[in-house]
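Given the structure is predicted, the values throughout are model-derived calculations rather than measurements. Below, chain A is the first sequence line, B the second, and so on; all start at residue 1.
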Number of protein chains: 4
Amino acid sequence: MRSESVPAGRTFLEEARRAQIIGCAIDTLAAEGYSRATMARIAERARVSKSVIVYHFATKERVFEQVVAEVFQSATDALRPHLDAETTPADKLRAYIAGRVQFLSTHQAHMLALFEIWMNLRSDDGALRMSEADAESTVDAIEQLLAAGQASGDFGDFSARVMAMAVRQAIDGVLLQLRVDPHLDLDEYARELVALFDRATRRTS
Amino acid sequence: MRSESVPAGRTFLEEARRAQIIGCAIDTLAAEGYSRATMARIAERARVSKSVIVYHFATKERVFEQVVAEVFQSATDALRPHLDAETTPADKLRAYIAGRVQFLSTHQAHMLALFEIWMNLRSDDGALRMSEADAESTVDAIEQLLAAGQASGDFGDFSARVMAMAVRQAIDGVLLQLRVDPHLDLDEYARELVALFDRATRRTS
Amino acid sequence: MRSESVPAGRTFLEEARRAQIIGCAIDTLAAEGYSRATMARIAERARVSKSVIVYHFATKERVFEQVVAEVFQSATDALRPHLDAETTPADKLRAYIAGRVQFLSTHQAHMLALFEIWMNLRSDDGALRMSEADAESTVDAIEQLLAAGQASGDFGDFSARVMAMAVRQAIDGVLLQLRVDPHLDLDEYARELVALFDRATRRTS
Amino acid sequence: MRSESVPAGRTFLEEARRAQIIGCAIDTLAAEGYSRATMARIAERARVSKSVIVYHFATKERVFEQVVAEVFQSATDALRPHLDAETTPADKLRAYIAGRVQFLSTHQAHMLALFEIWMNLRSDDGALRMSEADAESTVDAIEQLLAAGQASGDFGDFSARVMAMAVRQAIDGVLLQLRVDPHLDLDEYARELVALFDRATRRTS
DNA sequence: CATGAATGAGCCTTCATTCAT
DNA sequence: AATGAATGAAGGCTCATTCAT
């Protein structure tokens, strides 16, 4: 399926180690935060020497890039079927919100790790490394969905960009809330958000 | 009033130095991010030796705590009059959103700095230091506003907590957007967000 | 006098530390060779923590640059008077050779350190850092001396460049020889080299 | 003949691998310098895994020892016929100088590699590994040649040791010069050096 | 009130070597 | 005969903090 995840040159064993390390990187980022997610601590979680990580990824930056790729992939894979099952823009939007929130609950560490990297990973010149790619792809997807709904007359009149950003932010907010209160009732949360944006996007008669 | 910020023992000059350092810490955090906001770099921006910071604040952690306090204070001070000028819950909500977005535009560095610390500052045991205090005070304030509106019949039926969080997140989203595109049209943004949450909170006839 | 050695911004104490560290770097390079001349080992010799070196020089590369500068300065200072005391090209050449060999004997570690750096210090792209500057200045000086002698008719017909290089190399050879046999009779060596190049440069009647 | 290079137990294929690796080690040393000549980089040049080198040589030190042996062998083999073709000491000296310089031009990498190792390879106690063996064999050979010439009355009166060293150093100097200017006119260089030492050794009437 | 000097812990990375396959 | 995987020591450097002045 995902031809990218097991490229030509990699053995099964190597792929397993890489997956293990990425997993531990995710857990470390989620549990201890970006600045504590050092090679040493990731290695410790994997019960492996630091050098093993270097051997498989060459660079800490590369590890984090892989974390981002992995989380993106998982999130996209998980969301796609839910989205494809719906036809009307309004239903797609509901599915999007509900799907994302559900993904958060099953992949909390993944999303927290992504968030940590997104917020903190910078290139040598000090510029953020991830913000563009992410902002582009995630918000844009929602924006297009909304614009389609406006074109079809299902949605009312509003800035698709601002609404898209609000949707995205509301979903990310669940994550931050989870960090404070891990026993949050996510079902209720999802329902409320769906209803909220239903009202906000609905065409006013 | 602000008993904490000018306690008995501090001279005027000392207070000026502290303010200068806090200001430079804010600028550094905003411009270079949490992990690059080191004592050395903050000192450099203040054209002062590292030791000056240590002398006045003892610890990096304390500097950041003061940054948080300062930004909170500014934000509250700036918002209060706008809020007090309104009477109905709906108007108060509009004023809240518009006021916050306006504050973002005039105090971008302040808010970015707050955000960096909020996301990254942890105590020695690895636990986040800021999330509770902040989540409590910011979201709770909105939540109470919304609950009051529901009690008075101005707002419809929704989870005040979830809506409060969505409001808060939407506003923070403007900040992240600003980081990507500094020339954002904030007036339009504010108008759209106000309208969005107007529709989302309005009592459905 | 040498305004460069105590520039404006440096205190007496700092200059002393710097001199001490440079001295230890020289000794380490001379005694243990380039690849063993690490920050840790230089610091150990100076009975100081690694950080002290970083504090005063920022970078290992800078330390080595200072070593080169220091040795160059010393060598030039030591040779100048000997050279100025002579008038004819032949005498100047003799003074040059004898002076350099004498400097070697009193500053063996300096010259060995210079040699180690000259041979091994490379920039990130892999290119040698010192060879040009050194080859230029040292060999050129001799070459000009020889060319002047040819122009005045004191010397015979030969490639000034090749002869200059042979002179330089013969002198450096003493250094390498010293490394093998530290109790070399340097006076004899100097006398022999002077005589050798006397014959090699003399105008053939 | 070369009992060491093809001992009983080595197959033809093994010998080929060893030669290939030695060749790549030489190229790496010459092109990138001693400290960059790591097992990994040598292996990369040979398009082979690091382990192959370990398998055939056990140790990096052994690889370098073999490099030295190989270069020595080549140099000796190349020089022998030129030397044997001459009869008088003066002609032998000329042949020696010219032959060595020519070897430099055809085997620049070999000589640079030898030089790098000679200057840098040390045993665990920090002592140079190569200087003795080399100084002994190379300089001694020239010294004997010169001494023979003095005994036969062909050469004048000078320290054979110092002259031998000057000869050796002048030749090595060509190498260093080549490193700076790869397009050197080596024929002229050889001619000049031959003439130089001709004058320096000639019996003064 | 301010500073320069120094430190030790920790960071990411490189590297020669070992080992199972 | 060859390889990939793993390791531990060491390297240069950053940083918050301590201390004497």
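Using a 4.0 Å heavy-atom cutoff across all strands shown, B:T38 reaches sugar-phosphate atoms only and no base atom. Using a 4.0 Å heavy-atom cutoff across all strands shown, B:R41 reaches sugar-phosphate atoms only and no base atom.
Within 6.0 Å of the CG atom in D:D125, the count of heavy atoms belonging to other residues, nucleotides or ligands exceeds 12. Around atom CZ of B:R36, more than 12 heavy atoms belonging to other residues, nucleotides or ligands sit under 6.0 Å away.
Projected onto DNA chain F by closest heavy-atom contact, B:A37 and A:S49 fall at different nucleotides, the more 5' of which corresponds to A:S49. If C:S51 and A:A40 are placed on DNA chain E by their nearest nucleotide, the residue sitting closer to the 5' end is C:S51. Positionally, the nearest nucleotide of DNA chain F for A:V48 lies more toward the 5' end than for the other of A:V48 and C:A58.
Rounding to whole angstrom units, NE2 of residue D:H56 and C1' of E:dT17 are separated by 17 Å. Protein atom CZ of D:F64 is 12 Å distant from nucleotide atom C1' of E:dC15, rounded to whole Å. Note: CD (A:Q20) to C1' (F:dA6) measures 13 Å, nearest angstrom. The distance between atom CE of A:M39 and atom P of E:dC12, rounded to the nearest whole Å, is 7 Å. Between C:K60 atom NZ and F:dT14 atom C1' there is a gap of 17 Å when expressed in whole angstrom units. One atom, CZ of B:R62, and another, C1' of F:dT17, lie 13 Å apart when rounded to the nearest Å. Remark: P of F:dG12 and CZ of C:R36 are 13 Å apart, rounded to the nearest angstrom. Taking atom CD1 of residue D:I53 and atom C1' of nucleotide E:dT18, one finds them 16 Å apart after rounding to whole Å.
For D:K50 against F:dT3, no side-chain N or O and base N or O form a donor-acceptor pair under 3.5 Å.
With E:dT13, E:dC1, F:dA2 as the candidates, the nucleotide lying closest to the side chain of D:Y55 is F:dA2. The nucleotide whose nearest atom lies closest to any side-chain atom of B:E14 is, among F:dT3, F:dA5, E:dC1, E:dC1. Proximity note for B:R17 (side chain, C-beta onward) versus F:dT3, E:dT13, E:dA2: the nearest is E:dA2.
Using the Watson-Crick or G-U wobble rule with both distances under 3.5 Å, E:dT13 pairs with F:dA10. Within the shown strands, E:dC19 is the pairing partner of F:dG4 under the Watson-Crick or G-U definition, both distances less than 3.5 Å.
The side chain of C:T11 contributes no N or O atom lying less than 4.0 Å from OP1 or OP2 of E:dG4.
With 3.5 Å as the limit, one finds no donor-acceptor pair spanning the side chains of D:R41 and D:T28.
Using a 4.5 Å cut-off on side-chain heavy atoms (C-beta onward), C:F115 and C:L29 make no contact.
Taken from OG1 in B:T38 to NZ in B:K50, the straight-line distance is 8.5 Å, to the nearest 0.5 Å.
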